[in-house]
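Read the structure below first, then the notes.
Just so we're clear, the structure is a prediction, and the values are computed from it rather than from any experiment.
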Amino acid sequence: MTKRAALAAIAVLLALPAASAAKPPSFALWWAHFSARVQRDVTHIGSTCQNRFGHDDARVGRCFVRAERRTLRTEQAAWEKGIARTALHQRRSCRKAIAAYRRATRRAAKANLAYLDSHRRSALTKISRDLNGEPYATLKTVTLNAKTRAVRLCG
(Lines give C-alpha, C1' and ligand atoms only; values in the text may rest on other atoms or scores of the structure.)
Protein backbone atom coordinates (compact mmCIF):
# COMPACT_ATOMS: atom_id res chain seq x y z
CA MET A 1 0.00 0.00 0.00
CA THR A 2 1.41 3.38 -0.93
CA LYS A 3 1.77 6.19 1.53
CA ARG A 4 -0.92 8.18 -0.29
CA ALA A 5 -3.39 5.24 -0.17
CA ALA A 6 -2.69 4.70 3.52
CA LEU A 7 -3.36 8.37 4.31
CA ALA A 8 -6.58 8.26 2.27
CA ALA A 9 -7.73 5.14 4.17
CA ILE A 10 -7.00 6.81 7.52
CA ALA A 11 -8.86 9.96 6.44
CA VAL A 12 -11.90 7.88 5.47
CA LEU A 13 -11.85 6.02 8.80
CA LEU A 14 -11.59 9.27 10.76
CA ALA A 15 -14.49 10.76 8.82
CA LEU A 16 -16.82 7.85 9.64
CA PRO A 17 -18.66 8.18 12.95
CA ALA A 18 -17.96 5.34 15.33
CA ALA A 19 -20.96 3.24 16.33
CA SER A 20 -20.22 3.78 20.01
CA ALA A 21 -19.94 7.54 19.51
CA ALA A 22 -23.54 7.82 18.32
CA LYS A 23 -25.51 10.07 20.64
CA PRO A 24 -28.75 8.82 22.12
CA PRO A 25 -31.89 10.69 21.04
CA SER A 26 -32.41 14.07 22.63
CA PHE A 27 -35.09 14.10 25.32
CA ALA A 28 -35.59 17.84 24.86
CA LEU A 29 -36.14 17.46 21.13
CA TRP A 30 -38.52 14.51 21.59
CA TRP A 31 -40.47 16.42 24.25
CA ALA A 32 -40.73 19.56 22.09
CA HIS A 33 -42.06 17.58 19.12
CA PHE A 34 -44.54 15.61 21.21
CA SER A 35 -45.71 18.69 23.10
CA ALA A 36 -46.28 20.57 19.83
CA ARG A 37 -48.32 17.64 18.54
CA VAL A 38 -50.49 17.57 21.67
CA GLN A 39 -51.02 21.34 21.54
CA ARG A 40 -51.98 21.12 17.87
CA ASP A 41 -54.53 18.39 18.67
CA VAL A 42 -56.07 20.32 21.58
CA THR A 43 -56.34 23.47 19.44
CA HIS A 44 -57.93 21.48 16.62
CA ILE A 45 -60.47 19.90 18.98
CA GLY A 46 -61.34 23.27 20.51
CA SER A 47 -61.79 25.03 17.18
CA THR A 48 -63.76 22.13 15.68
CA CYS A 49 -66.18 22.12 18.62
CA GLN A 50 -66.38 25.92 18.60
CA ASN A 51 -67.15 25.97 14.88
CA ARG A 52 -69.79 23.29 15.27
CA PHE A 53 -71.62 24.68 18.32
CA GLY A 54 -70.70 28.37 18.37
CA HIS A 55 -71.14 30.01 21.76
CA ASP A 56 -73.18 27.22 23.35
CA ASP A 57 -70.81 26.58 26.26
CA ALA A 58 -72.50 23.35 27.35
CA ARG A 59 -72.50 21.76 23.89
CA VAL A 60 -68.92 22.89 23.18
CA GLY A 61 -67.90 21.37 26.53
CA ARG A 62 -69.55 18.03 25.73
CA CYS A 63 -67.93 17.99 22.29
CA PHE A 64 -64.53 18.87 23.75
CA VAL A 65 -64.72 16.17 26.44
CA ARG A 66 -65.75 13.48 23.98
CA ALA A 67 -62.96 14.31 21.50
CA GLU A 68 -60.29 14.99 24.14
CA ARG A 69 -60.89 11.69 25.94
CA ARG A 70 -60.44 9.81 22.69
CA THR A 71 -57.35 11.83 21.71
CA LEU A 72 -55.69 11.52 25.13
CA ARG A 73 -56.01 7.75 25.06
CA THR A 74 -54.53 7.59 21.56
CA GLU A 75 -51.71 9.99 22.42
CA GLN A 76 -50.90 8.09 25.60
CA ALA A 77 -49.89 5.01 23.59
CA ALA A 78 -47.66 7.09 21.30
CA TRP A 79 -46.21 8.90 24.32
CA GLU A 80 -45.31 5.61 26.03
CA LYS A 81 -43.51 4.37 22.90
CA GLY A 82 -41.68 7.64 22.39
CA ILE A 83 -40.52 8.02 25.98
CA ALA A 84 -39.32 4.40 26.08
CA ARG A 85 -37.39 4.85 22.83
CA THR A 86 -35.86 8.11 24.06
CA ALA A 87 -34.77 6.67 27.41
CA LEU A 88 -33.32 3.47 25.98
CA HIS A 89 -29.62 4.35 25.49
CA GLN A 90 -29.31 7.29 27.89
CA ARG A 91 -26.90 7.62 30.82
CA ARG A 92 -28.17 6.33 34.14
CA SER A 93 -28.83 9.81 35.60
CA CYS A 94 -30.77 10.74 32.47
CA ARG A 95 -32.83 7.53 32.59
CA LYS A 96 -33.70 8.26 36.23
CA ALA A 97 -34.79 11.80 35.35
CA ILE A 98 -36.89 10.50 32.44
CA ALA A 99 -38.45 7.91 34.76
CA ALA A 100 -39.42 10.68 37.22
CA TYR A 101 -40.92 12.67 34.33
CA ARG A 102 -42.75 9.56 33.16
CA ARG A 103 -44.27 8.96 36.63
CA ALA A 104 -45.34 12.59 37.03
CA THR A 105 -46.85 12.74 33.56
CA ARG A 106 -48.71 9.46 33.98
CA ARG A 107 -50.17 10.70 37.26
CA ALA A 108 -51.32 13.97 35.67
CA ALA A 109 -52.74 12.21 32.59
CA LYS A 110 -54.61 9.72 34.78
CA ALA A 111 -56.11 12.59 36.81
CA ASN A 112 -57.10 14.51 33.67
CA LEU A 113 -58.75 11.45 32.14
CA ALA A 114 -60.57 10.67 35.38
CA TYR A 115 -61.85 14.26 35.45
CA LEU A 116 -62.98 14.14 31.81
CA ASP A 117 -64.60 10.72 32.31
CA SER A 118 -66.64 12.07 35.22
CA HIS A 119 -67.54 15.44 33.61
CA ARG A 120 -68.87 14.42 30.22
CA ARG A 121 -71.73 16.91 30.30
CA SER A 122 -69.93 19.95 31.71
CA ALA A 123 -69.64 23.35 30.09
CA LEU A 124 -66.26 24.26 28.59
CA THR A 125 -65.74 27.17 30.99
CA LYS A 126 -66.22 24.84 33.98
CA ILE A 127 -63.83 22.27 32.49
CA SER A 128 -61.21 24.92 31.83
CA ARG A 129 -61.58 26.44 35.30
CA ASP A 130 -61.41 23.05 37.01
CA LEU A 131 -58.40 21.75 35.05
CA ASN A 132 -56.49 24.97 35.73
CA GLY A 133 -57.26 24.80 39.47
CA GLU A 134 -56.20 22.41 42.18
CA PRO A 135 -55.19 19.58 42.27
CA TYR A 136 -54.46 19.74 38.54
CA ALA A 137 -52.27 22.85 38.82
CA THR A 138 -49.99 21.06 41.29
CA LEU A 139 -49.78 18.02 39.01
CA LYS A 140 -48.83 20.31 36.11
CA THR A 141 -46.13 21.96 38.23
CA VAL A 142 -44.67 18.60 39.28
CA THR A 143 -44.66 17.43 35.67
CA LEU A 144 -43.04 20.67 34.49
CA ASN A 145 -40.32 20.42 37.16
CA ALA A 146 -39.61 16.79 36.23
CA LYS A 147 -39.48 17.69 32.53
CA THR A 148 -37.12 20.61 33.22
CA ARG A 149 -34.79 18.35 35.20
CA ALA A 150 -34.80 15.71 32.45
CA VAL A 151 -34.01 18.33 29.81
CA ARG A 152 -31.16 19.67 31.95
CA LEU A 153 -29.66 16.20 32.51
CA CYS A 154 -30.35 14.64 29.12
CA GLY A 155 -30.30 17.49 26.67
Side-chain angles (χ1 to χ4, degrees), residues 8-53 60-120 122 124-155:
I10 290 172
V12 168
L13 287 175
L14 290 176
L16 294 175
S20 63
K23 288 179 66 172
S26 166
F27 174 80
L29 188 59
W30 170 82
W31 182 86
H33 286 294
F34 197 85
S35 179
R37 178 176 143 189
V38 168
Q39 189 59 46
R40 181 197 67 217
D41 291 347
V42 168
T43 301
H44 176 73
I45 290 168
S47 63
T48 299
C49 292
Q50 191 78 45
N51 288 339
R52 182 179 286 162
F53 298 110
V60 171
R62 287 193 301 270
C63 174
F64 179 82
V65 168
R66 185 174 44 253
E68 185 65 9
R69 288 173 59 240
R70 184 175 45 248
T71 301
L72 281 175
R73 286 186 169 86
T74 302
E75 286 172 346
Q76 189 169 5
W79 180 85
E80 290 288 348
K81 279 184 180 178
I83 195 100
R85 192 176 322 115
T86 303
L88 189 60
H89 296 292
Q90 302 287 351
R91 296 179 324 277
R92 183 178 175 166
S93 61
C94 177
R95 283 194 316 268
K96 288 174 95 174
I98 290 173
Y101 166 75
R102 181 185 289 152
R103 282 190 305 275
T105 303
R106 282 179 180 162
R107 196 175 312 124
K110 185 178 178 181
N112 286 341
L113 276 171
Y115 175 86
L116 293 173
D117 287 345
S118 64
H119 290 81
R120 294 180 188 196
S122 295
L124 187 60
T125 53
K126 177 179 177 17
I127 293 165
S128 178
R129 185 176 52 245
D130 289 350
L131 289 178
N132 286 315
E134 290 302 332
Y136 307 98
T138 299
L139 291 171
K140 284 179 191 176
T141 301
V142 170
T143 300
L144 179 63
N145 290 341
K147 186 265 312 177
T148 302
R149 182 170 184 273
V151 167
R152 189 177 66 246
L153 289 173
C154 304

What heavy-atom pair brings [X] and [Y] nearest, and what distance separates the two atoms?
X      : Y      : value
Ala111 : Tyr136 : O-CE2, 3.7 Å
Ala97  : Ala150 : CB-CA, 3.8 Å
Val65  : Leu116 : CG1-O, 3.4 Å
Trp79  : Arg106 : CZ3-CG, 4.0 Å
Ala146 : Ala104 : CB-CB, 4.3 Å

Would you compute the distance between atom [atom1] of [X] and atom [atom2] of [Y] and round it to the nearest 0.5 angstrom?
X      : Y      : atom1 : atom2 : value
Leu124 : Cys49  : CG    : SG    : 8.0 Å
Arg152 : Ser93  : CZ    : OG    : 10.5 Å
Leu144 : Thr148 : CG    : OG1   : 4.5 Å
Leu113 : Glu68  : CG    : CD    : 8.5 Å
Thr105 : Glu80  : OG1   : CD    : 9.5 Å
Asn132 : Ile127 : CG    : CD1   : 11.5 Å

Worksheet item: Are any non-hydrogen side-chain atoms of Thr143 and Lys140 less than 4.5 angstrom apart?
Response: no

Practice prompt. Would you mind reporting whether Leu139 and Arg107 have side-chain heavy atoms less than 4.5 Å apart?
Written response: yes

Worksheet item: Are side-chain N/O atoms of Thr86 and Gln90 paired as donor and acceptor at under 3.5 Å?
Response: no

Discussion item. Assess the residue pair Phe64 and Gln50 against the criterion (side-chain contact (heavy atoms from CB on, under 4.5 Å)); give the C-alpha distance rounded to whole Å, side-chain angles, the decisive distance to 0.1 Å, and a yes or no.
Written reply: CA-CA 9 Å; Phe64 179 82; Gln50 191 78 45; over 6 Å; no

Worksheet item: Do any N or O atoms from the side chain of Arg120 and from the backbone of Asp117 form a donor-acceptor pair under 3.5 angstrom?
Response: yes

Worksheet item: Taking the side chain from Arg37 and the backbone from Glu75, do they hold a donor-acceptor pair closer than 3.5 Å?
Response: no

Practice prompt. Tell me, with the steps shown, if Ile83 and Phe27 meet side-chain contact (heavy atoms from CB on, under 4.5 Å).
Written response: CA-CA 8 Å; Ile83 195 100; Phe27 174 80; 3.8 Å; yes

Discussion item. Using the ring centroid of each side chain, check whether Trp30 and Phe34 are separated by less than 6.0 Å.
Written reply: yes

Discussion item. Is it the case that atom CZ in Arg40 sees more than 12 heavy atoms from other parts of the structure closer than 6.0 Å?
Written reply: yes

Discussion item. For Arg52, I'd like to know if atom CZ has over 12 heavy atoms of other residues, nucleotides or ligands within 6.0 Å.
Written reply: no

